[in-house]
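All values derive from a computational prediction rather than experimental measurement. Protein chains get the first letters and strands the later ones, always in sequence-line order, with residue 1 at the start of each.
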Amino acid sequence: MRLEARTAVSRIAPLISGLGAILFTLAVSGALVLWAKADVVSAYVAIYEGALGSRFAITETLTRATPLMLTGLAAAIAFRARLYNIGAEGQLYMGAIAAVAASVAMTNEAGELALPTSMAFALMILAGALAGAALLIVPTLLKTRFKVDEVVTTLLLNFIALLFVSMLLDGALKDPAAMGWPQSPTLPSELEFSKLIERARVHTGLFMAVALAIVLSFVIRYTRFGLAMRAVGANDRAAAFAGIGVNATLVKVALISGALAGLAGVGEVAGRTGYVTLDMSPGYGYSGIVIAMLAGLSPIGVIFAAIFVGGTIVGADAMSRSVNVPTYIADVIVATALIAVLVAGLLTKYRVRWK
Amino acid sequence: MNAALTLSNITKRFGDLVANDDVSLSLDKGEVLALLGENGAGKSTLMNILFGHYIPDSGSIHVFGEPLTPGDPRAAIARGVGMVHQHFTLADNLSVLDNVTLGTESLLSLRASRAQATATLQALSQRFGLQIDPYALVRTLSVGEKQRVEILKALYRGAKILILDEPTSVLTPQEVAQLFATLKQLVAEGLSIVFISHKLDEVLAISHRIAVLRSGKLVFEGNTSDATKAMLAQAMVGRDVEPIQRREASHASADVVLKLDAVCATSVESRVALRDASLEIYAGEIVAIAGVSGNGQTLLADVVCGVSQVTSGEVKFKGKPMALNVREAIAHGIARIPEDRQHVGSVADLSVWENAVLPRAGDVRFSRWGVLNARAARAHTNELVHAYDVRLASIEHPIRKLSGGNIQKLILGRELSEAPELIVAAQPTWGLDVGAVAFIHSQLRDAAARGAAVLLISEDLDEVFALADRIAVMSKGCLSEARAAEAWTMQSIGLAMAGESDARSERHAA
């Protein structure tokens, strides 16, 4: 078996391959639902209802999708420049804890903000973004200076970051009112993101994520930096020959990518939880990689991929309550979808020859 | 049956492109068949079909009278078809013996029978006069020796039909003579050879019969004794070709544009270090650096282009010391045409217009406040496409969709349209078809006539003699003195390229 390049790719090929990927994903996941002795149709209906079937379901999906968009963007921009940032999870936690630390630093003894609210709010966001960026700058400098593989360093830094946050939650940033739980103090309510809809959790962080996706899409396509970034990602030798500072570009990309992942943490703590715990993210940082790949590294695509993944997770939760299939089906659906999309993309460019 | 190999009515289409159109060829035992054609004429496709990399749409192949299973390289090897690729497929960090035996031994056998393999290899190298040390690391071999290893590799696998793809492109004239002696020995022993080339002199010297492909069709087949250079060239190109004209010596001014003073440099990519290279290039002249590839010429070009640093010595541009970095070179308006147009000169996945402005994207013409002026960039690209005759479907397509010749024309336009005072052209016509070569030569000549200093780095001696006012030779990192083109002969330049020059070629200095 081998692949032969297709000479002419028809216009509807991407559509067909996309449909094929969806059908394949539904079939594989459906088989597993059957195996769990549940009715496939009602399971899928339950997932759909749970994700998009009501106003509440939609707000829950969008709440989930918010951090996923930001980590998805973090991965997408880094991967475009071929900087393999696998460390969004750690950067997210660093962003979240930095936001809390900033709020603590800006609060006086009486528990009131020492600064005007808007300034404090901006500083909190900045602190989170910088913390995320700072965590990625170290592996990036190791890569540009000493050619240390960033996949390994960013991945391992996740554990270091998590342990560091854990240390803070049991020490300097432990909430004395939490009855011994490792949990940070709660943000003052002035610093929380506003809710978009009453009695729902979806918050203004969603607007921030969508706006950033649109800005990034413009930056990648229409700025000198975006051109440099794509050139470096596609071929760093040719980029260097054209006078592009490869290392400087990578450092800038790292700052943006880390900051985006840090903002995901800020959004979670200021928009949803109010305080940091160690189970704040169910792997949003890692899911960001899947989302970026599903989106073909396009920032606008990330918006939709994040909603798909967020919706699948929320929907699977609801489905497991109603038809009694474990929520792990959400992971299967997302993972199968990624593989199906990648294979479908390959098949639009190549045909398979059996011998 | 006397035919070693018969290709009957081979047709292969890629979409609308007919790469091979009803091609029939036969190769007799003990014969050298030359396969001629420009790039894109279908030579590679035909050989890839023979070797099982592609399945033909129709037609059949017979080896020694028996049909060959299409699309199975192992079947081709088993039948005694061996291929020596233009770009060697050797593992540098292994010995000659390991390279030769690689893949022939079962992975399950615990002990490689090295003694037997060594004996077989030595017997082969004795029989065919291919001297080689079986235990030498391939990394330490010269290009000619590596080619010998490739030939031995094919023979070790029992090749009776040997396909040589552009085998002389990397050799000095003396090494070519040696290769030809080997080939004669091989056919004397009953082997059959397909010799793929576009160099007419060589084809006429070595082959018994000649086949010419053009646009996928077999347009000429005949005995070498009946063929002439003019008629082969005509068959290849499809029209009359003027022989390369020697350029009239230009009147170089007294202004030194580029001066290298005892430059030493090393780099990771170049195994050969640059040693004490000194050179002056005046405005309006073309100075060629001849030499077999891998002798440090690329490093020399990289230094002037700002890609590689010097360890000692100095580079002066118009009398002033030049900081050696890419941005400085671009700021000085140095036109840089790199050796590898697909991987260094352009970014394959970026669009044509993005590539056309990439080195100068920061220019006020193409961007302001960091935002690209895509309209100006596209307009500029369209001008280049028009002025430099770049054939393409759309400037929005990624540049990898263009042919090598069109990529090179775009790079040439990108650099020459900035009215450069210095042009560094490394292998500017390597692998291009006759039309593109002529276009690029005339552009370089015109640039020199306008007063640009041209540093031409080329392995192609025809090109060197056709273009250069002065020629220097690079061998093992040492740059010879640049002498007037008339002061060199094929003989003296070949010796200089082999690095055993000075005593003998000194005569020509005067």
Side-chain angles (χ1 to χ4, degrees), chain A residues 1-11 13 79-82 146-147 214-249 252-253 255-256 296-298 345 348-355, chain B residues 13-17 19 53-55 69-73 269 301-302 305-308 325-331 336-351 353-363 366-374 377 398-400 411 414:
Chain A
M1 174 193 148
R2 60 184 180 180
L3 297 171
E4 207 176 89
R6 283 180 200 268
T7 40
V9 178
S10 89
R11 259 156 216 251
F79 288 15
R80 272 286 178 103
R82 228 173 264 185
F146 306 114
K147 300 199 165 130
I214 293 166
V215 169
L216 277 182
S217 179
F218 176 83
V219 166
I220 289 175
R221 224 181 290 177
Y222 296 112
T223 66
R224 260 184 81 194
F225 168 68
L227 179 62
M229 193 187 100
R230 285 182 288 131
V232 167
N235 180 344
D236 53 356
R237 239 180 111 203
F241 189 83
I244 293 165
V246 173
N247 289 348
T249 306
K252 285 182 208 162
V253 168
L255 289 174
I256 296 173
L297 305 188
S298 135
T348 55
K349 288 192 201 129
Y350 299 93
R351 84 177 79 229
V352 181
R353 287 245 184 213
W354 301 96
K355 174 133 168 64
Chain B
R13 287 188 194 82
F14 295 105
D16 295 335
L17 180 83
H53 292 309
Y54 292 138
I55 300 170
T69 324
D72 186 1
E269 278 126 51
D302 282 352
C305 291
V307 179
S308 287
N325 64 62
V326 174
R327 277 182 216 181
E328 182 89 357
I330 294 172
R336 305 169 308 141
I337 296 153
E339 188 175 313
D340 189 340
R341 43 190 164 265
Q342 265 107 346
H343 301 108
V344 177
S346 63
V347 180
D349 287 334
L350 294 187
S351 71
W353 70 266
E354 285 169 333
N355 270 291
V357 299
L358 196 60
R360 293 173 196 85
D363 217 285
F366 304 127
S367 68
R368 198 152 295 179
W369 307 111
V371 177
L372 291 177
N373 184 347
I399 201 167
R400 73 180 131 76
I411 294 174
R414 175 175 89 186

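For B:F366, the CZ atom sits in a packed shell: over 12 heavy atoms of surrounding residues, nucleotides or ligands are nearer than 6.0 Å. Shown here is A:F218, whose CZ atom has more than 12 heavy atoms of other residues, nucleotides or ligands within 6.0 Å. The neighbour count for A:F79 CZ, taken as heavy atoms of other residues, nucleotides or ligands under 6.0 Å away, is above 12.
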Run the numbers on B:D349 and A:N235 for side chain to side chain contact (heavy atoms under 4.5 Å, CB included), then give the verdict.
CA-CA 8 Å; B:D349 287 334; A:N235 180 344; over 6 Å; no

I would like to know whether A:T223 and B:L372 meet side chain to side chain contact (heavy atoms under 4.5 Å, CB included); could you show each step before the answer?
CA-CA 5 Å; A:T223 66; B:L372 291 177; 5.7 Å; no

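Scanning both residues, B:V307 and A:F241, for their nearest heavy atoms gives CG2-CD1, 3.6 Å. Across A:A242 and B:V326, no two heavy atoms sit closer than the pair C-CG1, 4.1 Å. Taking all atoms of both residues into account, the shortest heavy-atom contact from B:S367 to A:R224 is OG-CD, 3.3 Å.
Interface check for chain A: of the options B:V344, B:V347, B:I330, the most heavy-atom pairs under 4.5 Å are formed by B:V344. For the set B:A374, B:P338, B:S346, the count of heavy-atom pairs under 4.5 angstrom toward chain A peaks at B:P338.
Residue B:R360: no heavy atom, backbone or side chain, is found under 4.5 Å from chain A. Both the backbone and the side chain of A:A231 come within less than 4.5 Å of a heavy atom in chain B. If you measure heavy-atom distances from B:L350 to chain A, the contacts under 4.5 Å come from the side chain alone.
With sequence neighbours excluded, the residues satisfying salt bridge (Lys or Arg N to Asp or Glu O under 4.0 Å) with A:R230 are B:E354.
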